[in-house]
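In what follows, a structure is listed as structure tokens, so that the remarks can point back to it.
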Amino acid sequence: MEVRVRYAPSPTGLQHIGGVRTALYNYFFARANQGKFILRVEDTDRTRYTDEALQDLYDTLDWLGIDYDEGPRVGGPFGPYVQSERFELYKKYAEQLVKDGKAYYCYCTEERLESLRSAQTEAKSEEQGYDRHCRNLTSEQIEANEKAGIPHVIRLKVPMEGKTTFHDVLMGDITRKNSDVSPDPVLLKSDGFPTYHLANVIDDHLMGVTHIMRAQEWIPSGPLHILLYQAFGWEPPMYCHLPMVMGKDGKKLSKRHGSTSVRDFREQGYLPEALLNYVSLVGWSFDGQREFFSKEELSQVFTLEKINKAPGVFDYKKLDWFNGHYIRLKTDEELARLLVPFMEKAGLLDQAPDKLEAALRVAPLVKERLRLLGDIGPMVSFLFKDPGEPSLESLLPKGQDAQSTYLALSKAYPVLRQGLESGEPESQIEEKLSNLALELGLKVNGVFMPIRVSITGSTVSPPLFDCIRALGYDKSFERIQRSIKVLEENK
RNA sequence: GGUCCCAUCGUCUAGUGGUUAGGACAGGAGAUUCUCAGUCUCUAAACAGGGGUUCGACUCCCCUUGGGACUACCA
């Protein structure tokens, strides 16, 4: 039998790490088994739905390179794949359930339910949830309510006795007493829209879904869904509940732990391959040794059996490490293209006639020290903006006074200049400068640091000669001369 | 409160009755070096506790503890 799985998010907010991980596992599972991966938009909550969220869903999947075989935008034999476009369908099936005596109309008002709820919590009652007030209305009562135009919902008649079991690939059999299952949950809302439970079950069945991979928070409603399949007389699919993704404090990952939306990560300069690789490893492993995987590789080797049952903590530091790794794998050209928008955002390219060329100049300097593309600004801003005349204090290496520093820089300058202009190999100039330091009784750094600060305005920078080359000789010399003057005036 | 799920270094994990309990991130130390980073080497760090089962338990069972999820006309 062909494997058919789906990712079925509801567009009520930005795509977050947990959701994406679920999408990824479904995708990999489908690919690894030559099955189909379906995207379904569960937009039945009209109050929380936003266009932005829907667009973000598409953008996120595109960015990660997660393509789907069936779904909105690409179509498929079981469409439409947006639940709001299947509106009539759910109603039909819900009514069928009523006709079969498996569900019933409920006329309870929001107010009644609310007061019921508060009464229950106040009394710390064993009974939680709906009191099944409308479960046994007579046909006369129903008729009267309908005539009076009282709106109704449709509720499932959950059996009062017995128990329901569903099988989970990871967890094994999970059984719940029917009396512990949510008492007669709403299937069809008064606005005619289905609830998650109804729409989900109908669509999964109609779309031929064979495996449901979703977050563990859905485990409690597993039995309810089985009850629904039974009410319809359908065969339930296989279940596989995925461990949750937590924050450092062991609570469900949320904004207070840091970024959670893929958009955030993207804007900070994470690479899709890094995010995809790392996220896949929270809750799944290959052999405990290997941890670099491309999307294509995961599509080969992914297996349900290696999914962990315990929830996992999302480690931002390790993600950073992955990101640095993937940045280093880029060619200069690739990195430059990725860098352009981040350099623009940092205001570095306002004067650049050729943005890509500018980024290309920068790429080799930063490749080994970049963790996030968004960190590019301070690293190379000296190439695009004059850092200004350095202060005396900033020019002095640790433990060195103005006099000796003046001497060092003023002697180093001609060596550097002559060397560069005559095309001497950099390694040779470097050696000369080191020797100069030795002659002056300074540490090597005592000569290099003032040059570095002169040129970059910072004690931290890419290798000196790389900086000079990227800046251009003329500007570099000017900045050194400027520093010599500062030192001369203060020695 | 009730129901259900889970439990190996700080974190992600390997391990399916007999291992010096392995790897990675983060941490520490060192090497390389013009700073930073990178790279390399080394290092510290775990089977939650208690009962069983067994010749033998991290591995199987039970209890305790701890953590989490759910308990909506949200998904």
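Given the structure is predicted, the values throughout are model-derived calculations rather than measurements. In what follows, every chain begins at residue 1, and chains take the letters A, B, ... in the order their sequences are listed.
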Among B/A26, B/C34, B/C36, the one nearest A/Glu430 by side-chain distance: B/C34

Parallel, tilted or perpendicular: ring planes of A/His225 versus A/Trp218, cut at 30 and 60 degrees: tilted

Test applied, side chain to side chain contact (heavy atoms under 4.5 Å, CB included); reference residue, A/Arg6; option that passes from A/Asp204, A/Leu39, A/Asp203: A/Asp204

Proximity of A/His16 and A/Phe314 rings by center, below 6.0 Å: no

Touch class at under 4.0 angstrom, heavy-atom based, for A/Gly250 against every strand present: sugar-phosphate

Sugar-phosphate only, base, or nothing, as touched by A/Val460 at under 4.0 Å among non-hydrogen atoms: base

Phosphate-side-chain proximity, A/Lys443 and B/U33, N/O vs OP1/OP2 below 4.0 Å: no

Of the listed nucleotides B/A26, B/A75, B/U71, the one nearest the side chain of A/Gln128: B/U71

Residues which pass ring pair (Phe, Tyr, Trp, His ring centres under 6.0 Å) with A/Phe292, listed by chain and number, not counting sequence neighbours: A/Trp321, A/Phe322, A/His325

Separation of atom CG in A/Leu57 from atom P in B/A75, rounded to whole Å: 16 Å

B/U19 and B/C58, which share atom name C1', separated by this distance in whole Å: 11 Å

Sugar-phosphate, base or nothing in reach of A/Lys251, heavy atoms under 4.0 Å: sugar-phosphate

Side chain of A/Val153 (C-beta onward), nearest among B/C70, B/U35, B/C73: B/C73

Spacing of the P atoms in B/C74 and B/U16 (rounded, Å): 47 Å

Watson-Crick or G-U wobble partner of B/C70, both distances under 3.5 Å: B/G2

Heavy atoms of other groups near A/His205 NE2, more than 12 under 6.0 Å: yes

Residue matched to B/U16 through Watson-Crick or wobble contacts both under 3.5 angstrom: none

Audit row: A/Leu304, A/Met238, side-chain contact (heavy atoms from CB on, under 4.5 Å) steps and yes/no: CA-CA 12 Å; A/Leu304 259 36; A/Met238 299 273 275; over 6 Å; no

Nearest-Å distance for atom pair OH/P, residues A/Tyr413 and B/C34: 23 Å

A/Arg117 side chain, from C-beta outward: closest of B/A75, B/C34, B/A72: B/A72

Euclidean distance, atom CZ of residue A/Phe193 to atom P of B/C73 [Å, nearest integer]: 17 Å

Set of residues satisfying salt bridge (charged side-chain N to carboxylate O under 4.0 Å, His left out) with respect to A/Arg112, sequence neighbours excluded: A/Asp131

Nearest-Å distance for atom pair CG/C1', residues A/Leu409 and B/U35: 16 Å

Pair partner, B/C9 [Watson-Crick or wobble, under 3.5 Å]: none

Base paired to B/A75 (Watson-Crick or G-U; both N/O distances under 3.5 angstrom): none

Complement of B/C47, any strand, by Watson-Crick or G-U distances under 3.5 angstrom: none

Sugar-phosphate only, base, or nothing, as touched by A/Cys108 at under 4.0 Å among non-hydrogen atoms: base

Result of checking A/Leu365, A/Leu348, A/Ile455, A/Thr456 against A/Leu383 for side chain to side chain contact (heavy atoms under 4.5 Å, CB included): A/Leu365

Touch class at under 4.0 angstrom, heavy-atom based, for A/Ser461 against every strand present: base

Quiz item: A/Thr195 side-chain donor-acceptor pair to B/C73 base, under 3.5 Å: no

Sugar-phosphate only, base, or nothing, as touched by A/Pro462 at under 4.0 Å among non-hydrogen atoms: base

Rounded C1' spacing from B/U43 to B/C9 in Å: 14 Å

Short side-chain N/O contact from A/Arg214 to OP1 or OP2 of B/A75, under 4.0 Å: no

Strand partner of B/A21, provided both Watson-Crick or wobble distances fall under 3.5 Å: none

B/A69 OP1/OP2 closer than 4.0 Å to side-chain N/O of A/Lys252: no

Distance in angstrom units between A/Leu319 CG and B/A26 C1', rounded: 14 Å

Pair A/Tyr473-A/Leu416, side-chain contact (heavy atoms from CB on, under 4.5 Å): steps then yes or no: CA-CA 10 Å; A/Tyr473 291 171; A/Leu416 182 68; over 6 Å; no

Interatomic distance at C1', B/A45 relative to B/A26, whole Å: 12 Å

Complementary nucleotide for B/A57 - Watson-Crick or wobble, under 3.5 Å: none

Distance in angstrom units between A/Phe448 CZ and B/U33 C1', rounded: 10 Å

Sugar-phosphate only, base, or nothing, as touched by A/Met379 at under 4.0 Å among non-hydrogen atoms: nothing

Of A/Pro183 and A/Thr47, the one whose closest RNA chain B nucleotide lies more 5': A/Pro183

B/C74 OP1/OP2 closer than 4.0 Å to side-chain N/O of A/Lys189: yes

Closest to the A/Glu217 side chain, choosing from B/C70, B/C73, B/C34: B/C70

Atom pair distance, as rounded to whole Å: CD in A/Gln120 and P in B/U3: 16 Å

Any-strand Watson-Crick or G-U partner of B/A29, both distances under 3.5 Å: B/U41

Short side-chain N/O contact from A/Arg290 to OP1 or OP2 of B/G23, under 4.0 Å: no

Rounded interatomic separation in angstrom, taking CG from A/Asp184 and P from B/C73: 11 Å

All N/O pairs under 3.5 Å across the protein-nucleotides 4-14 of chain B interface:
unit_1	atom_1	unit_2	atom_2	d
B/C12	OP1	A/Val313	N	3.0
B/C12	O2'	A/Leu281	O	2.9
B/U13	OP1	A/Gly283	N	2.5
B/U13	O3'	A/Ser285	OG	3.2
B/A14	OP1	A/Ser285	OG	3.2
B/A14	OP2	A/Asn308	OD1	3.3
B/A14	O2'	A/Asp287	O	3.4

Rounded distance [0.5 Å steps], CG in A/Leu198 versus OH in A/Tyr90: 9.0 Å

Straight-line distance of A/Thr22 OG1 to A/Gln15 CD, nearest 0.5 Å: 9.5 Å

Selected nucleotide, minimal atom distance to A/Arg328 side chain, candidates B/A69, B/C34, B/G38: B/G38

Shortest side-chain distance from A/Glu42, nucleotide among B/G38, B/C34, B/A75: B/A75

A/Thr44 side chain near B/A75 phosphate (N/O to OP1/OP2, under 4.0 Å): yes

P gap between B/G18 and B/C12, integer Å: 25 Å

